[in-house]
Enquirer: 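Before I ask anything, here is the structure I am working with.
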Amino acid sequence: MYKTDVLVIGAGVAGLSFAIKFAEQRSDLKITLLTKSHKQAGNTAWAQGGVATVWDFDTDSFNKHVDDTLIAGDGLCDEDIVNIVVKEGHDRVKEIISWGTRFDKEEGGDYNLGMEGGHSEHRILHYKDVTGKEIQRSLVEKAMTFPNIELKEHYFAIDLLTQHHLGRNITRLSPNTECYGVYALNKENNEIETILAKTTIMATGGAGQIYRNTTNPTIATGDGIAMFYRAKGLLSNMEFVQFHPTALFNPAGENPDFLISEAVRGFGAILKTPKGESFMENYDPRLSLAPRDIVARAIDNEIKTRGLEFMSLDCRHLDQTEFLEHFPNIYEKCKSLGIDVFKDLIPVLPACHYLCGGIHIDQHGRTSVKGLYAAGECTSSGLHGANRLASNSLLEGLVFGERIAKVLAAEIDNFSLEENIPDWDAEGTDVPKELVLITQSWKELKEIMSNYVGIVRTNTRLKRAMDRLNLLYNETELLYKNTNVSTQLCELRNVITIGYLVTSSAIMRRESRGLHYNTDYPEKYDYLETTWL
Ligand code: FAD
Ligand code: SIN
C-alpha cells in the first residue's frame, strides 16, 4: 500500500501543469504522478501545430478567438468556458514561456504566429513542427524541480477505488460517490499496488486507438474515461470524435499514423486529388482551411466516391527555405518514404485524432465523483462542443491544470485517506493461455469502429456496431475474470468500453452536428442537448 496526498494519473500537459501549480501553493503536501509508460509518452509530446492564443493585440482579440472556437464547436460549446480558456490561456502560455518553453521567433524577435483551419487570425505559437515535444520537455523539467512531486513511470492505473471497494453498492444514481485512489500495476515487477490518495486528478488523455487509423500514440486507450465510467461517474458528448483530415498515407501501414500538421495548410498547402485537381471549392468557401469536421468529411467523400485510398496535399509551390525551417520533421518523414514534398504530392487520409467528449467537469475541473478532478483530453469541459478548434487542446490542459490546482489548494483539507481499502484480490485468475486472443479482439474493435462509427454514420451501421461490441464485451469480461491482469488485457477492456460509449452516444444524437454526421438525420435540431452517460 502506498499513500499520497494527491494522486495525478497522467503526465501530459494537463497532469504536469496541475502538479506544478499545486506544488507551488502546497509545498507541505505530497504529489504523486503516474504514467503508464515513460515520462515523454502521451499525446502532448506528439503535438505538432502549436498552441493557440491571442498574441498580436493590434490585429487579433480574445473575442475573435472566442468566436472562432464557438463557430467550430457548432453550437455546443459552453460560452463561459470558452471565455475562461481563451483569456486565462494567454497567461498560462506566458507562464510556460517563463518556465523555459521555447516558441519560434521572427528575426526581429517577435513570435512567429502560425495559422490553422477555423482560425480567423494568425495566433498559433509553435516550436518548429514539434511543439508538443518542447512543451512536454519543459514541463517535465519544471515539475522535477519540486521536491514534493514524485513521478512514477511504468505504473498502469487499473481501476479507481470507491465505496464499492468497501463492500457498498454504488450505482450511477448514487449520490456522493467518493474516490480514494487507484489499484495500479507496477509494470516493472508485475505487482498490483493499492495507491491511496486524499484526492485524485484524472489526466489520462485520449482514446484514438479505438480506430484503425489514428494519429494518437499507442498509449491513447481511453483508460481514465473507462475507469471513471466503471466507477459510475458522469460523462458527456462521447459521440464527438475528431478525425484529422491529413494523416500521411503509408502503404506499409504504421501505428500511429504520422500527422501532416494543419499548420502546413495554414502555410499555404492545398488539398488536391492524386491527379492534382483541387476539390475543396465544392465543399466550403474556406477551402483547405475550413474547420476540421468539414475538411475530413470532404476528403472521406472524395476517397469513397473515387474508390481511392487517399487524397493529396500540394506543397510544391511553397517557399522551400521557410518550409524546411517550419516543418523539418514532416519533411524528413516524407523523405523517408520516398516523397519529396517540393516535387511530389503528399498522400493523405483522415485519421482519428481527438476525443471531444469525456469525463464531465465543471469550471474548476470537479467531476461527479467526490475527491476526483479531471483535466485535459479525457474531459468534456464545454470548450470544444461538437468540434474542437485546432490547437485549443494544449491550451485547455494548461488552463484546467491551473484551475484545479487553485481550488484544490484550499479544498484538499476537507479530504482524508480511506485506509480500509482491501488489497487487490487475484484469486481464481490464471496466466493467460492465448495472448493472441487479446490482439485479435483489439483488431476487431478497430474494424468495428472504423467501418460503422467513423466519419459518416447511419442508424444501421451504429446498430451493427453495438451488436458486435456487445459480443466483444462479453468475451473480454470473461477473460478478465479468469486471467491475471496485464496491461494489454486492461487496455482491451478500456478500448471496448470507449467504443461502447462513443457508439451509445452516437445512437442517442438524432441529428448531424459538428463531428457527428448521421445520414439518417442530416439536419440539426433547433434545440441543443448534451448527451449524458
Ligand atoms: P496526454 O498528453 O495524452 O497524457 C496522458 C498521460 O496519461 C500520459 O502520461 C499517459 O502515460 C498517462 N496514462 C494514460 N492512461 C494511464 C493509465 N491507465 N495509468 C497511468 N497513466 C496513464 N493539440 C494542440 O492544442 N495543438 C497541436 O498542435 C496538437 N497536435 C497534435 C498532434 C498529434 C499527432 C496528436 C496525437 C495530438 C495533437 N494535439 C494537439 C492534441 C493534444 O496533443 C492533446 O489533446 C493533449 O496533449 C492531451 O494532453 P493530456 O495531458 O490530456 O494527455
Ligand atoms: C496539427 O498540427 O494539425 C494538430 C493541431 C491540433 O490537433 O490541434
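In listed order, ligands and their atoms are each counted from 1.
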Enquirer: Are E95 and K21 within salt-bridge range, i.e. N to O under 4.0 Å?
Expert: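 Looking at E95 and K21, the cut-off is met.
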Enquirer: Heavy-atom count check: over 12 atoms from other residues, nucleotides or ligands less than 6.0 Å from K39 NZ?
Expert: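 For K39, atom NZ is not crowded (no more than 12 foreign heavy atoms under 6.0 Å).
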Enquirer: Is a salt bridge present between K272 and D314, judged by a nitrogen-to-oxygen distance below 4.0 Å?
Expert: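 Here K272 pairs with D314 in a salt bridge, since their nearest N and O are under 4.0 Å apart.
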Enquirer: Should the pair D60-K64 be classified as a salt bridge under the 4.0 Å nitrogen-to-oxygen rule?
Expert: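 Judged by the 4.0 Å cut-off on N to carboxylate O distance, D60 and K64 do not form a salt bridge.
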Enquirer: Are the ring centres of Y111 and H126 closer than 6.0 Å?
Expert: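 No: the rings miss the under 6.0 Å criterion.
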Enquirer: Is it the side chain (CB and beyond), the backbone, both or neither of T44 that lies under 4.0 Å from ligand 1, heavy atoms counted?
Expert: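 The part of T44 near ligand 1 is both the backbone and the side chain.
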Enquirer: For Y2, does the six-membered ring have the charged nitrogen or CZ of K152 within the cation-pi criterion, i.e. under 6.0 angstrom from the centroid and within 45° of the normal?
Expert: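 Verdict for Y2: a cation-pi partner in K152.
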Enquirer: Which of the atoms of ligand 2 are close to H244, meaning less than 4.0 Å from one of its heavy atoms?
Expert: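 Matching atoms, with element in brackets: 1 (C), 3 (O), 4 (C).
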Enquirer: So, H244 side chain and T246 main chain: donor-acceptor pair closer than 3.5 Å or not?
Expert: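 At least one qualifying donor-acceptor pair exists.
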Enquirer: Ring centres under 6.0 Å, that's the criterion: do F22 and F18 meet it?
Expert: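 Judged by ring-centre distance (under 6.0 Å), F22 and F18 do meet the cut-off.
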Enquirer: Hey, is V13 touching ligand 1 through its side chain, its backbone, both or neither, going by heavy atoms under 4.0 Å?
Expert: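 Looking at V13 and ligand 1, atoms from backbone and side chain both fall under 4.0 Å.
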Enquirer: For ligand 2 and Q48, I'd like to know whether there is a polar contact (N/O to N/O, distance under 3.5 Å).
Expert: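 No, there is no polar N/O contact under 3.5 Å.
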Enquirer: Can you find an N or O of M227 that's nearer than 3.5 Å to an N or O of ligand 1?
Expert: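 Among all N and O atoms of M227, none is under 3.5 Å from an N or O of ligand 1.
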Enquirer: Using a 4.0 Å heavy-atom threshold (strictly under), name the region of R265 that reaches ligand 2: side chain, backbone, both or neither.
Expert: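 No part of R265 comes within reach of ligand 2.
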Enquirer: Just heavy atoms, cut-off under 4.0 Å: does L394 contact ligand 1 by side chain, backbone, both, or neither?
Expert: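 Both backbone and side chain.
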Enquirer: What part of A220, side chain from CB on, backbone N/CA/C/O, both or neither, has a heavy atom under 4.0 Å from ligand 1?
Expert: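 Under 4.0 Å from ligand 1, A220 contributes no heavy atoms.
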Enquirer: Does the ring center of Y354 lie less than 6.0 Å from the ring center of F243?
Expert: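 Between Y354 and F243, the centre distance exceeds or equals 6.0 Å.
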Enquirer: Is N392 in polar range of ligand 2, meaning some N or O pair under 3.5 Å apart?
Expert: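 N/O-N/O distance below 3.5 Å does not exist for this pair.
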Enquirer: Where on V51 is there a heavy atom closer than 4.0 Å to ligand 1, on the side chain, on the backbone, on both, or on neither?
Expert: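 Within the 4.0 Å criterion, V51 makes no contact with ligand 1.
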Enquirer: Looking only at distances, can you tell me whether any N or O atom of G50, backbone or side chain, sits closer than 3.5 Å to an N or O atom of ligand 1?
Expert: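 Checking ligand 1 against G50, an N or O pair does fall under 3.5 Å apart.
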Enquirer: Under 4.0 Å, heavy-atom basis, I'd like to know which part of Y354 is in contact with ligand 1: side chain, backbone, both or neither.
Expert: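 Side chain only.
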Enquirer: Please work out whether any backbone atom (N, CA, C, O) or any side-chain heavy atom from C-beta onward of K36 is under 4.0 Å from ligand 1, and answer side chain, backbone, both or neither.
Expert: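 Both backbone and side chain.
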